[in-house]
Each structure stands twice: as C-alpha cells, then as structure tokens.
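A short write-up of the structure that comes next.
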Number of protein chains: 2
Amino acid sequence: MKRYNLGIEATLEIIGGKWKSLIICLLMSGVKRTSELQRNIHGISQKVLIQQLRELEKDGLVRRYVHQQMPPKVEYSLTEYGVTANKIVDVMCSWGKENIKIRQQRGEDIVLLEDESLEDKK
Amino acid sequence: MKRYNLGIEATLEIIGGKWKSLIICLLMSGVKRTSELQRNIHGISQKVLIQQLRELEKDGLVRRYVHQQMPPKVEYSLTEYGVTANKIVDVMCSWGKENIKIRQQRGEDIVLLEDESLEDKK
DNA sequence: TCCAGTACTTACTTTCAAGTAACTACCTTA
DNA sequence: TAAGGTAGTTACTTGAAAGTAAGTACTGGA
C-alpha cells in the first residue's frame, strides 16, 4: 500500500525531475519526432530523453506513434491527460519568467532565450 | 552568463527537488516552527529540512524569524513572493489528487492521507 | 542530576538519476 | 562503399542530493 500525504507527492513522481516538465512544455506546441525533441532540449542525452518519454507514456501523459517505415520515424504527442498536466507546466513557465525578470532587475547575469528552443530551426 | 531556454528551468531550480514544494504547501497554512515542519513532513531529516529552508530563504520565498529566547524558537513563514509560488504548488496539489483518484479507480493500491500532515496533532 | 526538547552544525556515506560512450540496424545520398 | 541520419539499446561511470549519525549549547521539568 502506497501512502501519499499530499497530492503534490504524486505530481512530483510523475512530472518531477529535471526533464519531464520541459518535454511536456515542448509537446504542447504539437507532435514532435524524437530527434526534434533532442535538438530542442538543450543538454539532454538520447538515453535520458527516451527513458523519460517511456515513463511519461507509461503514466499516460504521452502517446508514442511509430510509423512503419524506413528510415524509422517515431512521433510523440500529449494525450488528453497529458494536456491536463500542462496546466502545471504552464504556471511553472510563467512564474519562472517572472522570476528571471526579477533577478535581472537585481542585476544577476542571466538571460531567458525563450521559445527559440520551441521553434523549428529551418 | 546563465542561460535559460524556458521559464520553467528557473522554477525548477527554485522549487524543484523532493521537498521544497511540500514545505511551501505546509507554510501556506501559516507560520510554522522548525519542529512542526519536521513532524509534518514525513521522512525528511533535520539536516535536509534546514538546508531546504535556508535555500528558500535565500531565494526570497521564506522568512525566518528567530525569537531571542531560551529555549530557542524559530519560526518560518512565506514571504509575499513565496505566496506567489504557492500558485504552482496549488495546481500541483490538485492535479496530484486527481491523479491519485484515477489510479485508485484503476485498482492501484494507494491512499492519500491528505491534510493529516497539515493539522497540528494535539 | 539526568533526561527531553529546542534548533541547529558537521562529517561521513549511500543512492540513484543522469551522463558518457559505444553498439545495433536500416535507409538514403554522395 | 562510405558517411550521415533515423531510433533506439546496453554497459559503465559520475556527481549531487539525500540519508545517517553524532555533537553543540541552552533550558525546564521529573
């Protein structure tokens, strides 16, 4: 029997960690191929990306669609349930933006590249 | 120069990790003493609790008030800025509750003890 | 006088998520 | 025929976060 004291514990298990909320954030802008995700998430390794995607799939947030073709083409998208999780990711994003602004005003040497990573580079 | 691709990265730095969102959640119900927090956050060690509180204080989310008396009495509360972060914690809590319900309906052997940890045990 | 409780600090250890790198297997293009 | 791109897997290593345990310093109560 698994016990949770607060709802937030379950949330952290599912979208906690370094990468999952970023993946959800990117998938909100539409279906993405594996390689697209990897290019757009700075610093993630292929192993970790795929591992995180599989976990999100297992938890019902992400759908994996394999095109039966060569060369391989695999597409990931959010499920309906995954979209509900985006509510969280959304407030985290906007709170984070505000936080960065505040720290910039304080004189910290930081930038938000913002959305560059979301756009497809031509 | 520190670079963020998405606002969410800054958020994760500040309230990410295993314990910080739980601490914020508890502090939303009012001022708390160190020992109260420790009793109410199941499994946290004193070292880690104090460490997390100091980091939250450094980031401006938590206020630490030391009563000049013996035996020592230290109280922690959320700052105004800390209260803004509670928006995030709030959606995480409610999403997590929903998640637990769904998994219970699926037959998973889990419970949400919910709010027991928030109340002062007499 | 000793134990319990307050709020810490310090030192050391463990764990596990993430990182690194190499490998498979297939196709297309040069 | 060799390189580059697709989507992975596997094995091993690293490092930061967290856990463990003990010590400090003070007071109040049995």
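Per chain, numbering begins at 1; letters A, B, ... match sequence-line order. Every heavy atom of this structure was used, including side-chain atoms; hydrogens, water molecules and symmetry mates were not.
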Sugar-phosphate only, base, or nothing, as touched by Gln69(B) at under 4.0 Å among non-hydrogen atoms: nothing
Polar pair under 3.5 Å, donor/acceptor by atom type, side chain Lys47(A), base dG8(D): no
Glu57(A) versus Tyr76(A), side-chain donor and acceptor atoms under 3.5 Å: no
Integer-rounded Å distance: dT6(D) P and Leu53(A) CG: 15 Å
Side-chain (Gln104(A)) to main-chain (Ile110(A)) donor-acceptor, under 3.5 angstrom: yes
Below 4.0 Å: OP1/OP2 of dA7(C) and any side-chain N or O of Tyr65(B): no
Rounded distance (Å) that lies between atom P of dT27(D) and atom NE2 of His67(B): 18 Å
Atom-pair distance (CD on Gln68(A); P on dC27(C)), nearest Å: 13 Å
Lys101(A) and Glu98(A) ion-paired at < 4.0 Å: yes
Touch class at under 4.0 angstrom, heavy-atom based, for Gln51(B) against every strand present: nothing
Donor + acceptor pair across side chains of Lys32(B), Ser29(B) (<3.5 Å): yes
Phosphate contact (dT9(D) OP1 or OP2) by Arg54(A) side-chain N/O below 4.0 Å: yes
Residue closer to the 5' end of DNA chain C, Gln46(B) versus Gly16(A) (nearest nucleotide): Gln46(B)
Atom-to-atom span, CD1 of Ile41(A) to C1' of dA18(C) - whole angstrom: 14 Å
Nearest-nucleotide pick for Pro71(B), side chain only, options being dA18(C), dA7(C), dG5(C): dG5(C)
side-chain N/O Ser35(A) vs dA7(D) OP1/OP2, d < 4.0 Å: yes
side-chain N/O Arg64(A) vs dG8(D) OP1/OP2, d < 4.0 Å: yes
Between P of dG8(D) and CD1 of Ile44(A), the distance in whole Å: 13 Å
Selection from dA7(C), dA18(D), dG19(C) that lies nearest to any side-chain heavy atom of Pro72(B): dA7(C)
N-O pairing of Glu80(A) and Arg63(A) below 4.0 Å: no
Arg33(A) side chain near dG8(D) phosphate (N/O to OP1/OP2, under 4.0 Å): no
Nearest-angstrom distance from the residue atom CH2 of Trp19(A) to C1' of dA17(C): 12 Å
Presence of Arg39(B) side-chain N/O under 4.0 Å of dT6(C) phosphate oxygens OP1/OP2: yes
Proximity to the side chain of Lys18(B) - top-ranked nucleotide from dG19(D), dA7(D), dT27(D): dG19(D)
Polar side chain donor-acceptor pair, Tyr81(B) to Asn99(A), under 3.5 angstrom: yes
Euclidean distance, atom CD1 of residue Ile50(B) to atom C1' of dT10(C) [Å, nearest integer]: 12 Å
Touch class at under 4.0 angstrom, heavy-atom based, for Thr34(A) against every strand present: sugar-phosphate
Ser45(B), nearest nucleotide to its side chain (from dA7(C), dG19(D), dA18(C)): dG19(D)
